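Here is how names work: the chains are called A, B, and so on, in the same order as the sequence lines, proteins then strands, and each is numbered from 1. Quantities reported herein were computed from a predicted structural model and do not represent experimental measurements.
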Amino acid sequence: MSFIAPKSRRSIDQVGVLERAGRFTTRSIKSKSKVEGLKMALSMIDLTTLEGKDTPGKVRQLCYKARHLHDSYAGLPTVAAVCVYPSMVKTAKKSLGSSGVKVASVSTAFPSGQSAQNLKIEETKYAVGEGADEVDMVISRGALLSGDLNYVFDEIASVKAACGSSRLKVILETGELDNFDQVRLASDISMEAGADFIKTSTGKISPAANMPVTLIMLEAIRDYFLKTGKMIGMKPAGGIRTAKQSLHYLVMVKETLGEDWLSNEWFRFGASSLANDILMQLVKQEQGNYQSMNYFTID
Amino acid sequence: MSRLEVAKTYKLYIGGKFPRTESGRTYQLKGPKGENIANLCQASRKDFRESVIPARKAQASWASKTAYNRSQVLYRLAEMLEGRKAQFVDELKQSGFSLLEAKKEVEDSLECLVHYAGWADKYQQIFSSVNPVASSHFNFSVCEPSGVVVATAPLSNPLHGLCFLVSVCLAGGNSLIVLASEKTPHVAISFAEVVHTSDVPGGLVNILTGFEDELVEHFASHMDVNAVIYARNNSKVSQKMELASADNMKRYFNWSDLEGKIKYSPYFIRDLQEVKTTWHPIERISSSGSGY
């Protein structure tokens with residue numbers, strides 16, 4: 001397997017991307033469509049806890065939150081998935097039961113990816129064996145930046161093989177890539193190598209997800225779809241905290257990829273504090289007054 | 001003067017910045033003879049919402065500063081105001097204050113700031129207590145700040161009343177969103193410049209200009225506001241505020257008797273505090289003597 005980079009790649013138009021990304025924030029989405037949009041965003045969230053201090057108790061609590069976002073508000077969806085370290089997959093799987101909420105596990109020496117390839121494959125097999133429905137891997141940014149594209153490609157392909165039927169999300173960690181061209185390149189490599197999803201960031205590095213970078217990745221997905229007819233999912237992660245931001249992202253997805261991508265099958269938010277802000281906005285829409293964090297669960 | 005005077009654009013003061021109102025609405029401020037003094041921002045519900053966010057953020061770290069430090073920052077406010085007395089006297093005169101009245105208003109404001117700066121590290125000793133209980137506990141009560149406070153400033157003492165609200169809130173570790181006097185809002189926005197340059201963290205004090213009628217209900221219904229103060233004497237509006245705050249059991253204070261007569265008392269600081277009582281187990285009740 002190898003990745004053949006096109007001889008001449010057209011460089012990303014940076015000014016154009018920034019301008020275009022800025023436009024998505026100017027759409028007016030009010031009342032009913034706002035509520036629908038917010039509920040959709042809720043259903044796309046991957047609730048995440050990726051800390052060294054995670055305990056089974058913390059994970060169980062997060063899983064409870066995933067199923068019961070705000071019980072006093074009728075008709076809320078659950079989030080899409082809970083994202084944890086491989087050692088917590090079993091706990092998460094057990095507490096989510098048959099709720100339909102997926103368990104995603106990070107893998108491949110998350111967040112740095114600095115480990116041997118065979119260990120990364122073993123780790124992925126372990127996570128899948130524990131019951132992970134989805135695997136979030138990180139690419140080897142060092143190899144990518146030093147031009148060893150085939151290494152990156154092969155690694156993704158072999159992790160994909162280790163995933164079996166679990167879906168593979170490939171984290172580019174755009175905060176560590178130097179420019180937009182590399183984001184596009186990394187997206188193309190990942191999709192060619194078999195990624196089911198491409199994801200911006202680990203959430204451990206600043207800057208995390210932002211709209212311009214996500215736009216570039218969405219355009220890569222679009223081009224790949226036009227070329228091969230295969231749909232790839234997108235997951236911006238980190239830095240998306242407010243309900244308003246989530247609506248901006250949904251607008252961007254709709255206007256770049258179309259409505260087919262507007263489901264948690266193809267689009268996710270990697271975020272943990274976003275859920276509460278969306279809940280506050282939904283309750284505000286319902287009751288008419290602005291809400292306080294004090295009346296929502298902490299995790 | 002051989003050139004046109006450079007007039008100041010009076011904007012709002014939110015989160016340590018001077019933004020225009022989100023609504024784009026303005027109103028003309030008239031002097032006593034009907035002359036135009038300035039265009040003021042007519043703050044909207046959204047402007048208010050935007051100011052609750054930084055107020056909430058700033059409050060926790062303000063409350064965790066030492067009482068002594070809070071006192072110093074309040075005193076610093078007085079220092080900055082002292083240096084700009086002339087500007088405030090001028091602006092008050094524009095609104096119909098005589099020179100003497102204007103000077104007195106500024107002097108009173110300074111005194112108010114210094115007075116409450118002094119209380120910042122003392123009220124806790126007066127209002128906290130050790131409580132006698134009939135079990136093996138050391139029982140004590142301390143004051144903790146209410147949190148985010150929203151107030152309508154008195155109309156007749158545009159600067160003194162504002163300084164009063166700022167100092168009782170800040171001395172007690174609260175953050176404040178205040179609707180400036182509608183008669184002399186430009187003075188309040190100039191005071192925001194004083195706040196801005198005097199070690200008060202951005203977002204701790206937010207100043208809006210606009211009309212109480214359209215805003216008080218939103219002040220009281222916002223769930224992330226802990227206390228509301230009505231310091232004017234329009235009973236119709238105060239009722240509206242009280243009703244809306246009863247809906248969510250928010251603390252509501254009617255300080256309408258401050259209109260025209262600002263008072264000096266640590267009990268104003270006490271109003272904006274919650275009491276936390278701790279039952280600390282001790283080994284034997286008898287060992288600590290009576291009263292414990």
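The OG1 atom of A/T91 sits 12.0 Å away from atom CG of A/L62, with the distance rounded to the nearest 0.5 Å.
Between A/K235 and the choices A/T200, A/T214, A/D136, the side-chain hydrogen bond (donor to acceptor under 3.5 Å, both in side chains) rule is met once, by A/D136.
Scanning for salt bridge (Lys or Arg N to Asp or Glu O under 4.0 Å) contacts around A/R23 gives A/E19, with sequence neighbours left out.
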Verdict with reasoning, B/V194 to B/L77, per side-chain contact (heavy atoms from CB on, under 4.5 Å): CA-CA 7 Å; B/V194 170; B/L77 266 175; 4.0 Å; yes

Just by distance, which donor-acceptor pairs between chain A and chain B come in under 3.5 Å?
from, atom 1, to, atom 2, distance (Å)
A/G288, O, B/R45, NH2, 2.6
A/N289, ND2, B/S221, O, 3.0
A/Y290, O, B/M223, N, 2.8
A/S292, OG, B/D224, OD1, 2.8

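Checked for salt-bridge contact, A/E255 and A/R27 meet the test: a charged N lies under 4.0 Å from a carboxylate O.
Centroid-to-centroid, the aromatic rings of B/F268 and B/F253 stay 6.0 Å apart or farther.
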